[in-house]
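Read through the structure below, which is laid out as structure tokens, and then see the notes.
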4 protein chains.
Amino acid sequence: MTATAAPASAAIPFHFGLYPAGPLDGITDVPGVMVGHLTKVEGTSIRTGATAILPNADPWVTKVAAAALAFNGNGEMTGSQWVNEAGFLETPIVLTDTLDIGRADDGVISWMMLRHPEIGVRDTVPLPVVAECDDQFLNDITARAVSANDVVHLLDSAKPGQFARGGVGAGTGMTAFSFKGGIGSASRVLPKKLGGYTVGVLVNDNTSGGGTRRVLTIDGVHVGARLLNEYKPFIPKHAAMHGRPAYGSIIITIATNAPLDSRQLHALALRAGLGMGRAGLYSAEGSGDLFIAFSTGETFQRTPSYDIEPPHTPILEDEDTINALYLATVEATEGAIYDALFNGKTMTGKNGATVYGLPVDRVMQMLKQR
Amino acid sequence: MTATAAPASAAIPFHFGLYPAGPLDGITDVPGVMVGHLTKVEGTSIRTGATAILPNADPWVTKVAAAALAFNGNGEMTGSQWVNEAGFLETPIVLTDTLDIGRADDGVISWMMLRHPEIGVRDTVPLPVVAECDDQFLNDITARAVSANDVVHLLDSAKPGQFARGGVGAGTGMTAFSFKGGIGSASRVLPKKLGGYTVGVLVNDNTSGGGTRRVLTIDGVHVGARLLNEYKPFIPKHAAMHGRPAYGSIIITIATNAPLDSRQLHALALRAGLGMGRAGLYSAEGSGDLFIAFSTGETFQRTPSYDIEPPHTPILEDEDTINALYLATVEATEGAIYDALFNGKTMTGKNGATVYGLPVDRVMQMLKQR
Amino acid sequence: MTATAAPASAAIPFHFGLYPAGPLDGITDVPGVMVGHLTKVEGTSIRTGATAILPNADPWVTKVAAAALAFNGNGEMTGSQWVNEAGFLETPIVLTDTLDIGRADDGVISWMMLRHPEIGVRDTVPLPVVAECDDQFLNDITARAVSANDVVHLLDSAKPGQFARGGVGAGTGMTAFSFKGGIGSASRVLPKKLGGYTVGVLVNDNTSGGGTRRVLTIDGVHVGARLLNEYKPFIPKHAAMHGRPAYGSIIITIATNAPLDSRQLHALALRAGLGMGRAGLYSAEGSGDLFIAFSTGETFQRTPSYDIEPPHTPILEDEDTINALYLATVEATEGAIYDALFNGKTMTGKNGATVYGLPVDRVMQMLKQR
Amino acid sequence: MTATAAPASAAIPFHFGLYPAGPLDGITDVPGVMVGHLTKVEGTSIRTGATAILPNADPWVTKVAAAALAFNGNGEMTGSQWVNEAGFLETPIVLTDTLDIGRADDGVISWMMLRHPEIGVRDTVPLPVVAECDDQFLNDITARAVSANDVVHLLDSAKPGQFARGGVGAGTGMTAFSFKGGIGSASRVLPKKLGGYTVGVLVNDNTSGGGTRRVLTIDGVHVGARLLNEYKPFIPKHAAMHGRPAYGSIIITIATNAPLDSRQLHALALRAGLGMGRAGLYSAEGSGDLFIAFSTGETFQRTPSYDIEPPHTPILEDEDTINALYLATVEATEGAIYDALFNGKTMTGKNGATVYGLPVDRVMQMLKQR
């Protein structure tokens with residue numbers, strides 16, 4: 001842990017682990033990757049949104065090797081079956097709240113048809129990747145505030161470069177470790193002798209529920225146990241009546257430019273679970289922990305006649321490089337989880353439900369003191 | 001094969017296999033199971049719809065043990081991750097066209113919220129099971145003709161008892177073996193000494209593409225090879241330009257009242273693939289062959305405090321009974337595929353695309369002559 | 001079905017399906033593939049053996065892309081976890097009886113260490129692929145008649161070209177459809193415009209049990225139902241006391257020279273299940289139906305410094321070719337199952353247990369008469 | 001972390017986490033579970049052995065619900081396919097070195113046949129669970145020092161109660177984090193209001209390789225980074241020539257008396273990966289990370305007529321209890337990994353290869369100082 005002055009960017013104000021972060025300490029450090037947010041904060045009870053991640057500007061044409069993995073299937077990531085059968089991703093990835101999955105799916109299809117009018121006419125049809133988290137604690141999820149049209153605009157807005165973290169986009173209504181959660185991101189860059197590849201991770205962290213504060217560990221420091229009785233969420237009476245406390249979910253997207261195929265990306269995605277473990281998470285029953293990994297370095301090209309060209313770049317087999325990619329994935333996942341917390345700002349939502357932002361100064365103090 | 005006069009019901013006019021069919025020779029022979037169709041045939045180019053299958057009137061309250069399986073993942077069955085994690089199904093199953101998945105998902109959520117207003121308020125949120133087939137050959141799929149509201153009405157209309165087969169509901173625009181495909185169903189009833197359980201199967205058969213006519217086998221007779229150059233679909237110029245011929249999909253739902261858990265239902269679902277094999281299918285690359293199996297005999301009950309009671313019925317372990325259920329699943333799947341064909345009526349759709357109904361009399365002649 | 005005079009080779013005396021068989025109608029039609037048998041018929045009760053399949057003469061050096069699949073996991077195929085993680089096969093495949101798996105594993109290791117003395121010294125260690133069937137009906141399986149040393153000799157004996165089928169090698173004590181089962185093989189060759197690739201399949205068919213005679217279907221003819229009360233096995237008193245009738249297993253190896261990776265070979269392997277379906281099988285609970293597929297066209301090379309070079313041949317993406325490979329796999333599996341039966345000769349074993357060979361002339365008559 | 005005087009037992013001398021350990025802080029805290037070790041330290045180069053874990057004295061009769069999981073399939077756990085298909089474990093679990101898997105399998109079969117002479121005669125045949133780690137760094141693995149007979153004696157020796165940890169049994173030649181590894185175990189006991197269930201974990205930790213020292217984290221303290229340049233293994237010239245450094249493996253067995261079925265035990269097993277993450281592991285490519293979980297609270301009984309009775313205890317559905325079991329599994333896995341290190345004693349083996357035991361006093365100092 002090297003504490004430094006927090007930069008203007010959203011990255012966390014300390015470094016940990018073996019590999020350096022990329023310039024943005026985010027998933028967009030992987031060249032070509034684009035991110036966009038749509039945030040809906042309206043009145044006292046709408047606290048939701050959507051976030052888009054694109055492997056490139058037109059994944060329908062330049063498909064990227066990919067694998068999807070349900071670490072804990074208490075959630076939804078549409079499109080997973082096709083990603084795993086095909087071995088590639090050919091649509092954007094959209095994150096949103098649970099009850100707006102259908103609308104987001106509809107929006108992705110509209111956006112793709114606008115770009116590729118032969119879809120469903122001469123060309124095949126897309127199966128969008130849409131993943132959800134349940135934000136009903138802060139957000140009136142029953143309002144279904146994200147429309148298909150919103151998602152079309154969202155996808156238009158996605159771009160490379162820095163992007164906001166914390167309670168934005170699909171992260172707007174998220175709660176993590178009983179603090180404010182949401183969008184977090186981080187990256188790691190391998191040494192040149194190991195190919196110099198980048199691994200970038202973006203999480204939507206909703207690993208909420210009273211039970212998980214206690215386990216929160218930041219770079220080894222048991223921060224959650226020390227803050228157990230402070231910054232407790234205000235739980236309105238209605239929510240307290242939940243028979244099943246909402247343990248939330250975490251959706252993890254892993255991007256790399258290392259040439260890996262679907263089988264290898266499945267292994268890479270699984271390492272995100274080890275990063276979750278470092279942060280103290282135990283993948284509670286109610287948590288849909290769904291991962292998707294893709295490689296911009298191993299692409300399938302759609303031809304003008306709607307055929308598909310296989311990748312021509314041999315996959316990596318060097319064990320040292322693959323191990324470094326694994327460790328980079330663990331570190332970037334861990335970092336992205338911290339990032340969501342460090343960028344979380346106290347939020348009040350539906351019925352006055354309130355979740356506090358992580359007290360960053362106190363946490364930094366704890367990290368420095370050891 | 002015992003040829004009989006075709007009954008008023010939609011069941012195929014002959015019997016094959018070891019076990020007798022139930023009274024309806026359909027999935028609704030499993031007590032409690034409900035089916036509904038919404039058919040959209042409008043103008044010259046809308047040929048689509050949706051079909052609902054419910055394990056009971058309120059699966060949110062009485063969840064049924066279930067398993068989902070991507071035999072060939074070139075398709076989408078939303079909700080699969082949760083079904084497999086939970087080991088139960090707690091929503092209706094809706095089938096529709098590929099570009100209306102999102103709208104159907106949205107409609108299922110609306111319908112469930114109407115019945116359970118505490119969803120998303122005090123109660124958790126549903127992850128609907130929606131599966132698709134691509135009907136772009138006959139249907140203007142880009143019109144996205146199935147609305148969320150349509151699906152609400154569809155779900156209201158589902159009921160036990162006999163239901164239509166062939167080009168109805170989600171089967172409206174389907175093509176199978178280059179004949180008219182769509183909804184087919186069949187059932188098998190075990191002898192009393194093996195528990196007397198019922199297995200019912202419903203397929204939406206879109207196993208289209210020029211290449212599959214040849215393999216069509218009906219109760220062992222190579223019907224497709226004999227009809228190779230007859231009843232050929234009329235392929236409009238635009239569709240002929242497809243770089244990738246649409247090989248279609250088959251969505252298979254297996255219901256039983258035998259007390260099986262998710263692990264066992266996964267095994268049962270896999271046997272549907274053996275039924276596909278009997279009909280000659282080889283699960284072509286472009287075919288999304290997605291299966292879901294559920295048991296009304298092994299249920300999880302939602303309590304008024306939103307907790308879940310586990311099943312209290314021990315699972316089956318008797319090997320003879322399990323084998324009989326396996327064989328019944330193979331036979332009912334095979335029968336359901338035939339049923340879709342036997343009930344297929346010649347249809348003309350988008351741009352004059354035409355698919356012929358199976359020439360039932362000629363096929364029955366072939367079956368009798370051997 | 002084109003009936004012809006039975007050739008001197010072991011291939012079945014008729015052709016079916018879309019694609020022609022290779023010259024040997026066996027797995028060794030795939031260039032480089034080698035097969036060997038070790039047969040143990042001793043006294044009145046030893047009826048067992050082992051069979052080896054090698055993708056090439058030295059798979060430790062030239063590893064082949066591969067995938068293993070438990071269609072029905074009531075059995076054992078060691079090495080599967082590594083094959084699926086690595087995406088390649090680097091050992092021979094050995095088939096034997098259930099209680100000799102350990103000895104066969106031990107023998108494979110000895111054979112590999114003899115060829116590669118740096119194994120376990122400077123080089124890593126192999127995880128052999130050994131799969132089993134239970135031959136206790138005909139064989140005194142408790143004698144564990146196959147030794148590690150036998151397997152060393154077996155592997156030395158493996159060679160390209162024609163090989164024996166039926167009750168030889170691991171097939172010695174097999175029973176299938178209550179007829180004599182064992183080793184069967186078949187192949188299919190794609191047209192030149194689809195790459196001219198070969199798919200070869202070898203099965204060890206032990207799909208026994210009284211219940212499966214009835215379902216046996218040969219090229220669509222319900223042969224089993226017609227022979228239900230003839231050629232019944234003689235079941236000695238001891239075996240009749242089995243609480244669980246032995247439903248046996250089928251181990252299926254699929255070889256191709258088409259350049260497919262592990263993900264694609266998993267899909268190819270799954271199509272073997274559809275071939276089982278055509279033959280009437282329903283994968284009874286007691287049957288361990290374990291498949292492995294490999295491609296000699298997609299290889300990983302071990303370097304002198306024990307590193308691994310990834311394949312440099314792009315994988316196939318042409319849909320027509322992939323579909324042809326799928327159908328070829330279905331047909332070759334179906335053919336291999338028939339081949340095991342057609343080469344089965346009546347055998348008497350332990351305690352007088354007797355299984356009859358398929359009455360080939362009568363079956364051919366049935367095939368011709370339709 | 002609560003530092004206490006190290007007890008006479010092998011348990012680690014501090015506590016961490018939410019739940020208390022059981023009396024033995026080991027897998028045998030789960031009632032009925034038995035462990036045995038066979039240690040082979042002979043001459044200068046034999047450093048190997050085997051360890052047995054039994055869910056009860058006769059798992060062939062009292063089968064326990066179980067699931068096997070390849071987190072990283074670069075290894076072997078035989079019997080996994082059957083465990084997952086059946087949903088139960090019916091054999092002992094044996095751990096040994098990679099080249100003795102076959103002999104161990106053979107020994108388990110002998111041991112079971114001695115107890116159940118009807119195996120392979122009137123009764124079915126077992127598919128033993130044998131898992132391996134590669135100990136070639138310290139051990140002359142090519143000697144294959146563990147015989148089938150050794151394993152028969154090992155199984156006879158297994159018993160309930162305390163057992164040795166560290167470099168014993170299968171752990172004899174293990175290296176972890178470049179320290180001496182081997183057998184570690186830990187347990188956690190749930191509060192009475194959550195059923196009072198116990199979770200016990202036993203690991204064979206061989207997560208070796210130069211690269212993993214750095215990541216070693218003990219209860220949040222980055223111990224490995226602080227000891228990076230000390231206690232370095234002595235690597236003889238021959239071993240340094242490995243093209244692929246041996247990154248080793250970890251085999252994890254999770255036992256509980258909570259009534260969980262195979263699907264739930266699969267989820268439980270996956271949480272072991274989160275415990276690995278806490279210790280800093282990233283599941284390097286060369287590491288076969290294979291898990292098996294079983295429940296003594298959900299049993300299948302073999303009847304005298306060789307039939308199987310299904311469990312009559314309903315599975316757990318209470319979310320709080322399941323979450324506690326998940327967290328207990330994470331903690332017990334983490335603890336077992338520490339336990340292997342804390343009990344590791346410096347060992348010299350083949351060609352003088354030397355691995356140092358963790359400097360426990362220094363580590364305890366680090367833990368106390370924070």
Side-chain angles (χ1 to χ4, degrees), chain B residues 1 16-18 70-74 209 211-212 214-215 217-223 225 243-247 263-264 267 270-287 289 316-331 333-334 366 369-370, chain C residues 1 16-18 70-74 209-212 214-215 217-223 225 243-245 247 263-264 267 270-287 289 316-331 333-334 366 369-370:
Chain B
M1 202 287 300
F16 66 92
L18 187 57
F71 193 87
N72 180 341
N74 195 339
T212 57
R214 183 189 296 268
V215 297
T217 304
I218 296 185
D219 193 25
V221 178
H222 299 313
V223 166
R244 300 173 69 201
Y247 279 93
R263 171 183 57 82
Q264 296 175 308
L270 190 54
R271 270 66 190 176
L274 297 164
M276 286 174 59
R278 284 186 173 195
L281 289 168
Y282 58 96
S283 194
E285 192 200 19
S287 189
D289 302 340
L316 274 180
E317 268 297 321
D318 178 65
E319 190 172 13
D320 290 340
T321 305
I322 289 174
N323 282 334
L325 291 168
Y326 285 176
L327 182 53
T329 301
V330 174
E331 293 186 357
T333 303
E334 184 186 358
M366 293 181 199
Q369 269 172 353
R370 60 177 164 170
Chain C
M1 202 287 299
F16 66 92
L18 186 56
F71 194 87
N72 180 340
N74 196 338
T212 57
R214 182 189 297 268
V215 298
T217 304
I218 296 186
D219 193 24
V221 178
H222 298 313
V223 165
R244 301 172 67 201
Y247 280 93
R263 171 183 56 82
Q264 296 175 308
L270 190 53
R271 270 67 191 176
L274 297 164
M276 285 174 59
R278 285 186 173 196
L281 289 167
Y282 58 96
S283 194
E285 192 200 18
S287 189
D289 302 339
L316 274 180
E317 268 297 322
D318 178 65
E319 189 172 13
D320 290 340
T321 305
I322 289 173
N323 281 334
L325 291 167
Y326 285 177
L327 182 53
T329 301
V330 174
E331 293 186 357
T333 303
E334 184 187 358
M366 292 181 199
Q369 268 172 354
R370 61 178 162 168

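Here is the naming used below: chain letters follow the sequence lines, and residue numbers restart at 1 for every chain. Here the structure is a predicted model, which means the values were calculated and not measured.
Neither the backbone nor the side chain of B:Leu325 comes within less than 4.5 Å of any heavy atom of chain C. Residue C:Ile218: no heavy atom, backbone or side chain, is found under 4.5 Å from chain B. In this structure, chain C has heavy atoms under 4.5 Å from both the backbone and the side chain of B:Arg278. Contacts between B:Leu270 and chain C at a heavy-atom distance below 4.5 Å involve backbone atoms as well as side-chain atoms.
Considering only heavy-atom pairs separated by less than 4.5 Å from chain B, the leading option among C:Gly273, C:Gly73, C:Ser283, C:Ala267 is C:Ser283.
You'll find the side chain of C:Thr321 stays beyond 4.5 Å of the side chain of B:Glu285, heavy atoms only.
Residues that satisfy the side-chain contact (heavy atoms from CB on, under 4.5 Å) test with C:Thr217, not counting sequence neighbours, are C:His222. Qualifying side chain to side chain donor-acceptor pair (under 3.5 Å) partners for C:Glu331, counting only residues two or more places apart in sequence or in other chains: C:Arg188.
Contact between B:Val330 and B:Arg271 at its shortest, heavy atoms only, is CG2-O, 3.6 Å. The shortest heavy-atom contact between C:Ile322 and C:Gln264 is CD1-NE2, 4.1 Å.
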